Amino acid sequence: MSAVVSAPTAPYRWHPPRQHPAAAGARWADWIPVVQALSGKSRQALVRAVGQAEQLVDERAHWTVAQLQQRLLEIKALMRTRSPQQRRALPADRDALRVEALACVSLAARHSLGKRPYPVQMLAALAMQQGFVVQMAAGEGKTIAVALAAVLLGWSGLPCHVITSNDYLAQRDVQLMGPLYQWCAVTAAAVVPDSSAQALRASYQADVVYATGKQLLADFLRDQIALAGATDALRRRLSEMGRTPGREHTVMRGLYCAIVDEADSVLVDEATTPLIISAPEPSPMMVEAVLCARAIANELVLGTDYTIHPVFRDVEFTPLGESRLERLTQPLPPVWHAPARRKELVGQALTANAIFHRDRHYIIDEGKVLIVDENTGRAMPGRTWSYGLHQAIEAKEQLDITPPTRTMARMTFQDFFRRYHRLSGASGTLQGIRNELWWTYGLMTFVVPTRLPSQLVTPRFRHFVSSTEKQQAVLDTVAELHRQGHPVLVGTRRISDSETLEQALGAMGLRCVVLNAKQHATEALVIESAGQPSHITVATNMAGRGTDIHISADVAAAGGLHVLMLEPHESARVDWQLFGRAGRQGAPGFAQGFISLEDDLLVRHTPWFARPLSALARSSPRGRALGMPVLHALAQFAAQWRAWRQRKQLQQRELQLRKQLSFTDDYSPAQRG
């Protein structure tokens, strides 16, 4: 919901695309010294500016509320200046104005939020305002840092979007930071999904808009459909002037600057996923074909008629399977007689059967299939799989088949974020992706030092041969920690695993609270109580990003929150997001992972040359202690490398497609505007 009722501001002004060094065709190695030099000089300048701002905060601590608010309005007017004549009348030293603005916003935060921002938060805010992606340790106050940067950017009067990883965080952050925005005369709003066009338009009129990347891209594509592709200011204005009363209106003011919270997830992990705007296109023949494909798929045998690639999860028909498929489709209509078409239809049915599992990849809610995002553990209402896969899963679950859709607009998140004129962000886990952020978005990474030394204890993973043995060890550990009075958070990758643990703990006489895509409505209550003594919480990745679990002084003195991870992820960054729920802001905490040879990571991604280590790990406890850490590291490296290759290949295909469909090649692969 909107924190403040927003009023219309200056219309969107189009800015030409901006180029980063890779666009010039230079080799990456040639630019490494330049990037390092810029990063070093910028770091020194930012640290110096924050020191000056801290000094100003101390000097103006005696200011009255009226004095501070008056100066905030004056700085806002200076930051919003547009015409060349007004710019020439500004103070010559823009850096001095920026330092004073940061100091005054920090004072406003102390008055409005009751908290004076720490120097590390001010440093992160200034770095984001300057266009860096910031790495802050978990619990260092990223929410306040993002809000400080949003005020500085929102004063420009141009659209400023704060991109969160889910809708819950968008609405929560607007409510938490609402007093600060009101103090600084900045309007802020959160875009609520499934709102009317009028409500969306009102939200986007705010100076600072909190929303998920999915919501922003969907609204952007709908606006492009309404404008018939008009992107520049003149064509937009002409389109608005010629709009008929019954025609759909646009809702956004345009794209100017964006601050991406959890930047690694939004800009990297989900960046190459295309978002498609489609319209239903009823086709009784397609529905009948899906049902026939389901019946035929039930007749085929895994290993004899088809195989499944263990890594890419593709269905491949054997020669015997192809001949059998031809016999089974002989009596069917002519559409089944084309080899490619029948293999596609039955392949989707087999994919739905063998690869996509209920309570892992999707859930059933009110008779509808809802996709679950494995990275966040959240359901994604309104999104469907393409190319008939969604209908194949509905047939598998014996639900009503939804009509197929016709694509009206399509864009990847990576392409969308590169269209912002100013881009910045923050995350606690940017390890291993800094080069990719620079090469893809022209973003340099700024590492903010921790305010307090970390007291998080992270012992080595515990290794097991079977998943059953591992699960029992987790249950025993939870029971022991509960007996000692520690709050426990158990992280799982799948909804089904969270429910299995709930039942097993219940059989042991231990009560726990479950948080997954089925209980999203109670998320705030679950997180609020997760840090209480002897409290047991079992959660999917919903509790892994942006979740702040508060603990009392007594809990901290006893050792803090204890986090147990049931199964590792393909990316170590996701593992550390879960571990980062404990030991926040220098508080004590404990985090440990459990891994078995039957885990999805090791089964799918262990390189062929490391297979002998699996036999060594099965042989004895000593072999397990020696072989499992190596297997874990190799499998995780292989998974991350493969994901990077897929992102790179998809990016190249998208760029090639854009060139083929455009009359001019004026959008460089490394440009964003």
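Since we're looking at a predicted model, the values are computed, not measured.
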Quick check: His161 with Tyr210 (ring centres under 6.0 Å apart)?
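For Tyr210 and His161, the ring centres are not under 6.0 Å apart.
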
Go through Ile495 and Arg360 one step at a time and tell me if the side-chain contact (heavy atoms from CB on, under 4.5 Å) criterion holds.
CA-CA 6 Å; Ile495 298 172; Arg360 178 182 178 183; over 6 Å; no

Determine the minimum heavy-atom distance between Arg201 and Thr250, stating which atoms define it.
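Smallest heavy-atom distance, with atoms named: NE-O, 2.9 Å.
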
Taking it one step at a time, do Asn353 and Arg294 satisfy side-chain hydrogen bond (donor to acceptor under 3.5 Å, both in side chains)?
CA-CA 9 Å; Asn353 281 356; Arg294 169 71 179 162; 2.2 Å; yes

Strictly below 4.0 Å, N to O, side chains only: are Asp400 and Lys368 in salt-bridge contact?
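No, no charged N to carboxylate O under 4.0 Å.
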
Under a 4.0 Å N-O cut-off, is there an ion pair linking Glu570 with Arg642?
no

We want to know whether [X] and [Y] form a side-chain donor-acceptor pair, criterion being a heavy-atom distance below 3.5 angstrom.
{"X": "Thr402", "Y": "Glu394", "value": "yes"}
{"X": "Gln636", "Y": "Asp575", "value": "yes"}
{"X": "Thr500", "Y": "Asp497", "value": "no"}
{"X": "Glu397", "Y": "Tyr362", "value": "yes"}

Kindly indicate, with the supporting measurements, whether the criterion side-chain hydrogen bond (donor to acceptor under 3.5 Å, both in side chains) is fulfilled by Glu598 and Ser466.
CA-CA 6 Å; Glu598 296 178 353; Ser466 68; 5.2 Å; no

Positive for salt bridge (charged side-chain N to carboxylate O under 4.0 Å, His left out) with Lys518, one of Glu499, Glu502, Glu366:
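Of the listed residues Glu499, Glu502, Glu366, the salt bridge (charged side-chain N to carboxylate O under 4.0 Å, His left out) partner of Lys518 is Glu499.
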
Between Tyr420 and Phe416, what is the ring plane arrangement, given parallel below 30°, perpendicular above 60°, and tilted in between?
perpendicular

Evaluate the side-chain hydrogen bond (donor to acceptor under 3.5 Å, both in side chains) criterion for residues Thr164 and Asp261: first the C-alpha distance (whole Å), next the side-chain angles of each, then the deciding distance (0.1 Å), finally the verdict.
CA-CA 5 Å; Thr164 61; Asp261 195 5; over 6 Å; no

With sequence neighbours excluded, what pairs up with Ala473 under the side chain to side chain contact (heavy atoms under 4.5 Å, CB included) test?
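With neighbours one apart ignored, the set is Arg462, Phe464, Phe594.
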
Chi angles and distances behind the side-chain contact (heavy atoms from CB on, under 4.5 Å) call for Thr318, Arg324
CA-CA 10 Å; Thr318 63; Arg324 189 177 182 191; over 6 Å; no

Do any N or O atoms from the side chain of Thr329 and from the backbone of Glu326 form a donor-acceptor pair under 3.5 angstrom?
yes

